[in-house]
Protein chains: 4
Amino acid sequence: MALTPDQIAEAQALRATPRPTLRAVSEGMEARLYTPHPVLDHGFIRVIDYMGDDAAIVQAARVSYGAGTKKVSDDAGLIRYLMRHWHSTPFEMCEVKFHIKLPVFVARQWIRHRTANVNEYSARYSILDREFYIPEPGQLAAQSTVNNQGRGAVLEGAEAARVLEVLKRDAATAYDHYEEMLSQAQPDGTPQQGLARELARMNLPMNIYTQWYWKCDLHNLFHFLRLRADAHAQYEIRIYAEEMARMVADWVPLAFAAFEDYRMGGVNLSAKAVAVLKRRLNGEVVGQEDSGMSKGEWREFVEVWG
Amino acid sequence: MALTPDQIAEAQALRATPRPTLRAVSEGMEARLYTPHPVLDHGFIRVIDYMGDDAAIVQAARVSYGAGTKKVSDDAGLIRYLMRHWHSTPFEMCEVKFHIKLPVFVARQWIRHRTANVNEYSARYSILDREFYIPEPGQLAAQSTVNNQGRGAVLEGAEAARVLEVLKRDAATAYDHYEEMLSQAQPDGTPQQGLARELARMNLPMNIYTQWYWKCDLHNLFHFLRLRADAHAQYEIRIYAEEMARMVADWVPLAFAAFEDYRMGGVNLSAKAVAVLKRRLNGEVVGQEDSGMSKGEWREFVEVWG
Amino acid sequence: MALTPDQIAEAQALRATPRPTLRAVSEGMEARLYTPHPVLDHGFIRVIDYMGDDAAIVQAARVSYGAGTKKVSDDAGLIRYLMRHWHSTPFEMCEVKFHIKLPVFVARQWIRHRTANVNEYSARYSILDREFYIPEPGQLAAQSTVNNQGRGAVLEGAEAARVLEVLKRDAATAYDHYEEMLSQAQPDGTPQQGLARELARMNLPMNIYTQWYWKCDLHNLFHFLRLRADAHAQYEIRIYAEEMARMVADWVPLAFAAFEDYRMGGVNLSAKAVAVLKRRLNGEVVGQEDSGMSKGEWREFVEVWG
Amino acid sequence: MALTPDQIAEAQALRATPRPTLRAVSEGMEARLYTPHPVLDHGFIRVIDYMGDDAAIVQAARVSYGAGTKKVSDDAGLIRYLMRHWHSTPFEMCEVKFHIKLPVFVARQWIRHRTANVNEYSARYSILDREFYIPEPGQLAAQSTVNNQGRGAVLEGAEAARVLEVLKRDAATAYDHYEEMLSQAQPDGTPQQGLARELARMNLPMNIYTQWYWKCDLHNLFHFLRLRADAHAQYEIRIYAEEMARMVADWVPLAFAAFEDYRMGGVNLSAKAVAVLKRRLNGEVVGQEDSGMSKGEWREFVEVWG
């Protein structure tokens, strides 16, 4: 997406006048405030506000554990300890608010994360813009043959061209009709009543863009990122999550490093998997048949451990 | 909607074999279990499970208030007391699970109520059916001229016909293309890869039907009904809410009667409105100018009080 | 409470060095940050951080309602409109974090509000201080004879003195024993093992002080204040709520004014009460018998309307 | 705890009359309904109601994933798949309601799990019973010397005796004074006003028993059990959790088996730990210094892997 001159000017204006505050300040997040980062063809994400920093996490933990935290000498170590032992409440003490523009079918996945506050643009009140997500050719993938919810090979030339043509044409037609239905005049100028917005919107396809303010605490944001920045998430939500992850890394670098080590890069082992690994460490050769795992579990196990 | 023979047969099968239970049983809800009630042109709502009844609300309240509840002699009076004084936790002790088929644009409003559990049909995994909401002529309304989020007069003949024609044709075209993009053969039989489901779905308009299991406690369901069975809610969600309200009336008749009196039929007065009413009761004539209210508030006040 | 010199010095240090930020800043809240406000005999409450201001509420609402908000010309009017129509999500866009020191029996009421983030001092990890809430004589009230959960007349001299003596002596004894059980030496110096903290704490009475960080969005904070700053709330939690209310008034003055008018000073009428008022406005004399209300409801009705 | 004859009779009465229902029925849970299971010296836990069973989880998953679930041939395999991939919403479709009697200091830990519905006995309204938790000698442990929140060796004879004596005597004294303050007569019969219940309760120690109804969905209950049935949880909450776990095993045996394998018996590895294990599987000897882990992390790693 090329940002519009208006968007750039608005962000610059908001960034023009720092004001003094006595609150915790994260320099990494201050550098990012208001500036939209493009995502997909017409989307963006930007930080509008935040509360807290790494020190706020530590401060909250020390209130809870008092003298119990003294032996952990530094902040990084304490934050790693909290993450390792699933102490979630100190991470809840940080909060962030994003402004996000995204296709409706992505918004529908996103909203399933219920522990956030949302204000979405309402198509009951207002008219949506003519902006639709059309995938880049490299993202036009076939249905996966091994995974019911995944993508396989990228579509080849003629088929890809047909798909793009369909998506563009159907979106354009739907939006033309949306406008015609809303209008108080027919194309030839004859007056008409104009359909209610709350009804006309139903004609629009799910790749139209919407936007919202989305506010979340850091613990729940980590949960979101673990699911949505994961390789199995749909590409169109994953690149939003990846961009958010970079923002979080600038905001709370110690917490993000712990999150990467224990969650994003971590592995959950079942009791059965622990038993197999222990046998292997003892030099035993173990196969699926004597692992106690199903074929599906074994396939996933072997992906990690060979 | 005419239910399909399959749907009727499935509900009858589920209703065929009662089993003994020691749990609280609501006869009114037992009579409704599994049977789909048609809503809109292809939608339905049905109860799949429930927990608790009026007596469970009373039981929970008596655990909390112990001897404090003795003076309220009967269950109906206690339930009214709880509702009047915003004691929400006893109502949370009842739970209900619905199976609902609804258009996507309705689902998008519905899901904003976060205090519920949801399992929605996934268009990443599976292919949606060719079913779209097309309003009845009596619901094809113009944009309200006084309310940005409301409907005005019903569209007249020719315009209504054009709108219906557009909605039907665009939905049919979008679905034809959805199928063509998913297909592993072109219309003439030439093989193609077939677009991933998670991508193809973006071409579908928001009046397509989806379905979900939706589970909620009674306190939060009342909150949902207060907002969505209200006259200002969009018609297409309101008729689901009204059908749910009838189910709740059969399930917990005492709680529902209290809800109707205190919430649905009740009025919230601001401090300013209280002051105006007191002056009126004293025989004073009060107008907007000396009410302390804005014109908008005054208009709403006069709607109720004349 | 007289704040300790340490507490005063710590707050002054935190207030010494403003830093520049690009975020929304509330001057009223900046003036309050970190400074503890005494509550009860050893408690306090202070603001540690906040996010957003009145403008953030308006901004979120305008994202949602777009052109639909244009007719409301100013921020105060829009905020009043949102409050009047129960549009809660814009208020959720503001967040605040408090540091609170409070008696355990107050904390037990407080924690029932689940939509907040909490980090409490842990008596498993650390040793509690010897600080107990002892009511002032003016708060030593008898059980109400009309309200099972309320207070009646203030206790008279000799009885009040006995109660205070008991509360003080039992707290002192319990704490002495707490220390003795924890200690690795008996009073005479003989070594002993010392009981685990997580066990020894069970001997402490519920007027001992604990402390926590408590973080909440503005919508849920208003809900808390409506219940806990209400005249029917127990005095010992109400004075915390009243202090918080004053802080919120400084933080988001427009939102707080709307809250006061529509919630704190407002009245909820049942359908039955609406009907009675309408009959009275028509000059009819209505009594409890022909009101459709129970005696309890009627008593509450008459308290407001005479 | 020996249950009282009243409690036994009440449970028998509730179990006497099965009624027909069309809902999902779990035979394992029906066998447990209403019967209190003793926990600690005066506590208990019993199931009051439930919704759903293993089949309800499968049913909800199949609504979501449609054709995507067909390849998983049986219910047990599908439930294991859901657990392994953190698909939490199908587990939320089951709900359970317990009646629990527990010491206040345990209730204070328990209530931190916010995603549940609670009705607690109110000491504002009613008078608490004279029942206090006094640990068995085998549970009277010293403070751990290696873990700030744990227990070490069991106290030896004389010290244990002193502790038990203190706990019993202080509880008895506090309760005697509670009653005296509440009473409308002094011990010698002279009338007095009697302190309000909401004030008198503050004199009671935190080992007094309270009770509540606690309702939770299965996903959140699993989260509770993972933390509270864990070996690091305090004994006094852990034995409640262990009893609940046995109930859940009878209620939803397939889901519980998956939970045991993936959560209770499972292990979370950080990226660093994965790397170390892979090196070890390759025959390398790795120590803490070249593991990238802190000493604390290494200690925990070695506990599992040697």
Side-chain angles (χ1 to χ4, degrees), chain A residues 103-105 107-109 111-112 114-116 118 120 122-126 132-133 135 139-144 148-153 155-156 158-159 162-163 166-167 170-171 173-174 177 180-182 184 186 192-208 234 236, chain B residues 103-105 107-109 111-112 114-116 118 120 122-126 132-133 135 139-144 148-153 155-156 158-159 162-163 166-167 170-171 173-174 177 180-182 184 186 192-208 234 236:
Chain A
V104 163
F105 73 95
R108 295 235 303 137
Q109 282 194 344
I111 200 76
R112 297 304 319 284
R114 289 160 295 179
T115 47
V118 186
E120 183 175 356
S122 168
R124 280 190 87 192
Y125 286 78
S126 303
F132 297 88
Y133 169 58
Q139 289 302 331
L140 271 189
Q143 177 67 27
S144 166
N148 268 299
Q149 65 168 316
R151 299 186 189 177
L155 294 191
E156 284 161 24
E159 184 176 355
R162 280 196 306 276
V163 165
V166 160
L167 292 175
D170 282 2
T173 304
H177 291 155
E180 286 174 26
M181 291 190 290
L182 289 172
Q184 295 187 297
Q186 296 180 46
Q192 64 174 11
Q193 293 174 274
L195 186 64
R197 287 172 207 142
E198 67 180 27
L199 288 169
R201 60 170 166 170
M202 80 172 74
N203 199 55
L204 295 167
M206 286 185 249
N207 57 345
I208 198 165
Q234 181 166 353
E236 281 78 14
Chain B
V104 163
F105 73 94
R108 296 236 302 138
Q109 283 194 344
I111 200 76
R112 298 304 320 283
R114 290 160 294 179
T115 46
V118 186
E120 184 176 356
S122 168
R124 279 191 86 191
Y125 286 77
S126 302
F132 297 88
Y133 168 59
Q139 289 303 330
L140 272 189
Q143 178 67 26
S144 165
N148 268 299
Q149 64 168 319
R151 300 186 187 178
L155 294 191
E156 285 162 21
E159 184 176 354
R162 280 196 306 276
V163 165
V166 161
L167 291 175
D170 282 3
T173 304
H177 290 155
E180 285 174 27
M181 292 190 288
L182 289 172
Q184 294 187 299
Q186 296 180 44
Q192 64 174 11
Q193 293 174 275
L195 186 63
R197 286 171 208 141
E198 68 180 25
L199 288 169
R201 62 171 164 168
M202 80 173 75
N203 199 55
L204 295 167
M206 285 185 249
N207 56 346
I208 198 166
Q234 181 165 354
E236 282 78 16

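Within every chain, numbering begins at 1; the chains are lettered A, B, ... in the order of the sequence lines, protein sequences first and strands thereafter. Note that this is a predicted model, so its numbers are computed, not measured.
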Original post:
For chain A, which of Leu140(B), Leu195(B), Leu182(B) has the most heavy-atom pairs under 4.5 Å?
Top reply: Leu195(B)
Original post:
Which of the residues Gln234(B), Gln192(B), Arg151(B), Glu236(B) is involved in the greatest number of heavy-atom pairs with chain A at under 4.5 angstrom?
Top reply: Gln234(B)
Subject >> Minimal non-hydrogen separation, Phe105(B) against Glu198(A), with atom names >> reply: CE1-O, 4.3 Å
Original post:
Between Glu156(B) and Gln193(A), which heavy-atom pair has the shortest distance, and what is it?
Top reply: N-OE1, 2.8 Å
Subject >> Among the listed options Ala141(A), Ala171(A), Ala200(A), the residue most often paired with chain B at heavy-atom distances under 4.5 Å >> reply: Ala141(A)
Original post:
Roughly how far, to the nearest 0.5 Å, is CG of Leu204(B) from CG of Leu204(A)?
Top reply: 13.0 Å
Subject >> Gap between atom CD of Gln139(B) and atom CG of Leu199(A) - 0.5 Å precision >> reply: 8.0 Å
Original post:
Who pairs with Gln143(A) by side chain to side chain contact (heavy atoms under 4.5 Å, CB included), at least two apart in sequence or on another chain?
Top reply: Ala196(B), Arg197(B)
Subject >> Min side-chain heavy-atom separation Leu167(A)-Met181(B) under 4.5 Å >> reply: yes
Original post:
Measuring from Ser122(A):OG to Arg108(B):CZ, what's the distance to the nearest 0.5 Å?
Top reply: 9.5 Å
**OP:** Quick one: which of Val163(A), Asn207(A), Val104(A) has the most heavy-atom pairs under 4.5 Å with chain B, could you say?
**Re:** Asn207(A)
Original post:
Looking at Arg162(B) and Glu180(A), does any basic side-chain N land under 4.0 Å from a carboxylate oxygen?
Top reply: no
Subject >> Side-chain heavy-atom pair Ile111(B), Arg112(A) within 4.5 angstrom cut-off >> reply: yes
**OP:** Starting from the C-alpha separation in whole Å, work towards a yes-or-no answer on side-chain contact (heavy atoms from CB on, under 4.5 Å) for Thr173(B) and Thr173(A).
**Re:** CA-CA 10 Å; Thr173(B) 304; Thr173(A) 304; over 6 Å; no
Subject >> Structural part of Pro103(B) lying under 4.5 Å from a heavy atom of chain A >> reply: neither
**OP:** To the nearest 0.5 Å, tell me how far Met206(A) CE sits from Arg201(B) CZ.
**Re:** 8.0 Å
Subject >> Per-residue contact mode, Tyr133(B) against chain A (heavy atom under 4.5 angstrom) >> reply: both
**OP:** Give, as side chain, backbone, both or neither, the part of Ala116(B) having an atom under 4.5 angstrom from any heavy atom of chain A.
**Re:** backbone
Subject >> Val118(B) side chain near Arg114(A) side chain, heavy-atom distance below 4.5 Å >> reply: no
